[in-house]
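One structure is given here, and the rest of the page talks about it.
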Amino acid sequence: MALRLKLFRTPIGFHDAYVAAPSQKAALAAWGADADLFARGIAERVDDPRLLAQAAE
């Protein structure tokens with residue numbers, strides 16, 4: 001069974017960093033984050049269809 005990926009975003013200076021991951025925990029690990037950026041309101045799940053389509057390219 002394939003993992004279902006979700007798209008997450010967090011700001012890194014002037015730009016945003018996007019990652020496709022199966023969970024928030026996996027997204028934090030991919031960013032190398034020491035703190036829970038989601039609990040702090042710094043990271044979020046992206047549901048915008050245009051951004052999802054770009055990430056799939």
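- The minimum heavy-atom distance between Ala21 and Phe8, with the atom names listed, is O-CE1, 3.5 Å.
- Distance check, rounded to the nearest 0.5 Å: NZ of Lys6 to CD of Gln24 gives 8.0 Å.
- Heavy-atom contacts from other residues, nucleotides or ligands closer than 6.0 Å to CG of Asp34 number 12 or fewer.
- Taking every heavy atom of both residues into account, Val19 and Ala30 meet most closely at CG2-CB, 3.7 Å.
- For Ala29, the side-chain contact (heavy atoms from CB on, under 4.5 Å) criterion is met by no residue, not counting sequence neighbours.
- At least one side-chain heavy atom of Phe38 sits under 4.5 Å from a side-chain heavy atom of Leu28.
- Ala20 and Leu7 make their closest contact through N-CD1, 4.2 Å (heavy atoms, listed as atom of the first residue, atom of the second, distance).
- Legend: residues meeting side-chain contact (heavy atoms from CB on, under 4.5 Å) with Ile42, ordered by chain and number and at least two apart, are Thr10, Pro11, Leu37, Arg40.
- Taking every heavy atom of both residues into account, Trp31 and Ala43 meet most closely at CZ3-CB, 3.9 Å.
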